[in-house]
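Read through the structure below, which is laid out as structure tokens, and then see the notes.
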Amino acid sequence: MGLVIAAAATVVIALVVSYNRLANMRNVVRAAWSDVDVQLKRRAELISNLVETTKGYSGFEQQTLALVTRARSTVAGSDMSPQERAGAEAKLAARLQQMLAVVENYPELKASAQFLRLQEELSATETNIANARRYYNAAVRDYNTLVESFPSGLMASIFAFRKAEFFELDSAGEAVTPSAMMDGESGGPE
């Protein structure tokens, strides 16, 4: 009888430990996503400031600015899954690349202290985004491993722990930071 109680207690303890590990990792994933989201919002604000700075230069192509503004509004104004957010962020990055390519035709804008400061901040933020995304994806990998492993996978299915989505770039070109684009260099994947 004592052996049966000890075995049952061991099973219960193992299940509790599995549940707690799953709950802990799910919270790590949520916190990591929050860090990514903060950096993406910071980038969106910097892009908004870049657009406003650029508007001050006569003759700057308004259509390009409108496309950047529209793409920025898409990522800033909705609650998306990591996969959907990655797609929207890719479109924003493409629009930003277009805008920065047009800036090449405006040497006085390129030399503007405010524009250069914003560009440096944007470049630093891109680095922060890359770091936050790497951490988030590592947390997702560890969490998904728990969800798919035994015995934690059993607890995951009982208590509706679902696999989390990675936040991935669609192409290596999306990893190019704005300062690298301005200097004519190419960035590499992270």
Side-chain angles (χ1 to χ4, degrees), residues 18-51 64 66-101 118-150 152-153 155-157 159-183 185-190:
S18 290
Y19 179 87
N20 289 339
R21 286 183 62 208
L22 283 163
N24 180 55
M25 281 307 301
R26 180 176 57 193
N27 289 330
V28 168
V29 167
R30 288 175 179 166
W33 178 250
S34 179
D35 292 344
V36 170
D37 191 50
V38 165
Q39 293 303 322
L40 293 173
K41 286 177 181 174
R42 174 167 168 66
R43 178 174 66 177
E45 289 304 313
L46 288 170
I47 289 171
S48 179
N49 292 341
L50 266 175
V51 167
T64 302
L67 291 171
V68 171
T69 302
R70 194 173 309 126
R72 183 208 168 272
S73 296
T74 300
V75 299
S78 62
D79 187 27
M80 300 180 207
S81 72
Q83 186 177 20
E84 294 166 335
R85 184 75 177 260
E89 290 292 337
K91 289 177 185 171
L92 177 59
R95 298 298 185 210
L96 181 60
Q97 285 179 351
Q98 288 174 335
M99 185 183 94
L100 293 176
L118 288 169
Q119 183 185 355
E120 287 174 12
E121 286 183 45
L122 188 57
S123 181
T125 300
E126 292 293 337
T127 300
N128 293 341
I129 290 168
N131 291 336
R133 190 181 71 244
R134 275 192 288 274
Y135 178 74
Y136 169 78
N137 284 339
V140 167
R141 180 199 61 226
D142 294 345
Y143 171 73
N144 287 348
T145 299
L146 279 175
V147 169
E148 295 174 345
S149 299
F150 182 81
S152 56
M155 293 302 290
S157 64
F159 290 101
F161 285 90
R162 303 288 177 242
K163 288 176 58 176
E165 292 181 11
F166 288 97
F167 184 59
E168 300 175 310
L169 296 177
D170 291 333
S171 69
E174 294 169 32
V176 177
T177 61
S179 65
M181 289 184 284
M182 292 296 294
D183 296 336
E185 301 171 3
S186 64
E190 301 160 10

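For clarity, every value in this text was computed on a predicted model and none was experimentally measured. One is the number of the first residue; the rest follow in order along the sequence.
- Contact record, Arg43 with Leu122: CG-CD1, 3.5 Å, taken as the closest heavy-atom pair.
- Between the side chain of Arg72 and the main chain of Ala44, a donor-acceptor pair closer than 3.5 Å is present.
- Contact between Val68 and Met99 at its shortest, heavy atoms only, is CG2-CB, 3.8 Å.
- Applying the ring pair (Phe, Tyr, Trp, His ring centres under 6.0 Å) test to Tyr143 and every residue at least two apart in sequence or in another chain returns nothing.
- The two atoms that bring Ala139 and Ala32 nearest to each other are CB-CB, 4.5 Å, heavy atoms only.
- Between atom OG of residue Ser18 and atom CZ of residue Phe159 there is a gap of 11.0 Å, rounded to the nearest 0.5 Å.
- Minimum heavy-atom separation, Asn144 to Ala164: OD1-N, 2.8 Å.
- Ser81 contributes a side-chain N or O that, together with a main-chain N or O of Glu84, makes up a donor-acceptor pair within less than 3.5 Å.
- Using modelled atom types, one side-chain atom of Glu165 and one backbone atom of Gln83 make a donor-acceptor pair closer than 3.5 Å.
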Trace of the side chain to side chain contact (heavy atoms under 4.5 Å, CB included) decision for Thr125 with Gln39: CA-CA 7 Å; Thr125 300; Gln39 293 303 322; 3.9 Å; yes
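- Legend: salt bridge (charged side-chain N to carboxylate O under 4.0 Å, His left out) pairs involving residues 20-37, not counting sequence neighbours, sorted by first then second residue: Asp37-Lys41, Asp37-Arg85.
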Walk me through whether Asn137 and Arg134 qualify under side-chain hydrogen bond (donor to acceptor under 3.5 Å, both in side chains). CA-CA 5 Å; Asn137 284 339; Arg134 275 192 288 274; over 6 Å; no
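- Counting heavy-atom neighbours within 6.0 Å of Glu148 CD, excluding the residue itself, gives a total above 12.
- Judged as a salt bridge (charged side-chain N to carboxylate O under 4.0 Å, His left out), and not counting sequence neighbours, the contacts of Glu121 are Arg42, Arg117.
- Checked against the 6.0 Å centroid threshold, Tyr19 and Phe161 count as a close aromatic pair.
- To the nearest 0.5 angstrom, Phe167 atom CZ is 9.0 Å from Tyr136 atom OH.
- Thr74 is listed as a side-chain neighbour of Met80, based on a closest heavy-atom distance under 4.5 Å.
- Of the possible polar contacts, none joining the Asn49 side chain to the Leu118 backbone as a donor-acceptor pair under 3.5 Å is found.
- Remark: Ser152 OG to Asn20 CG distance equals 12.0 Å, nearest 0.5 Å.
- Note: Glu45 CD to Leu40 CG = 12.0 Å, rounded to the nearest 0.5 Å.
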Derivation of the side chain to side chain contact (heavy atoms under 4.5 Å, CB included) call for Ile47 and Leu96: CA-CA 8 Å; Ile47 289 171; Leu96 181 60; 4.0 Å; yes
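- Pairing each heavy atom of Val75 with each of Glu89, the nearest pair is CB-OE2, 3.5 Å.
- Counted within 6.0 Å of CZ on Phe166, heavy atoms from surrounding residues, nucleotides or ligands total more than 12; the atom is thus considered enclosed.
- Interatomic distance, Leu146 CG to Asp142 CG, rounded to the nearest 0.5 Å: 7.5 Å.
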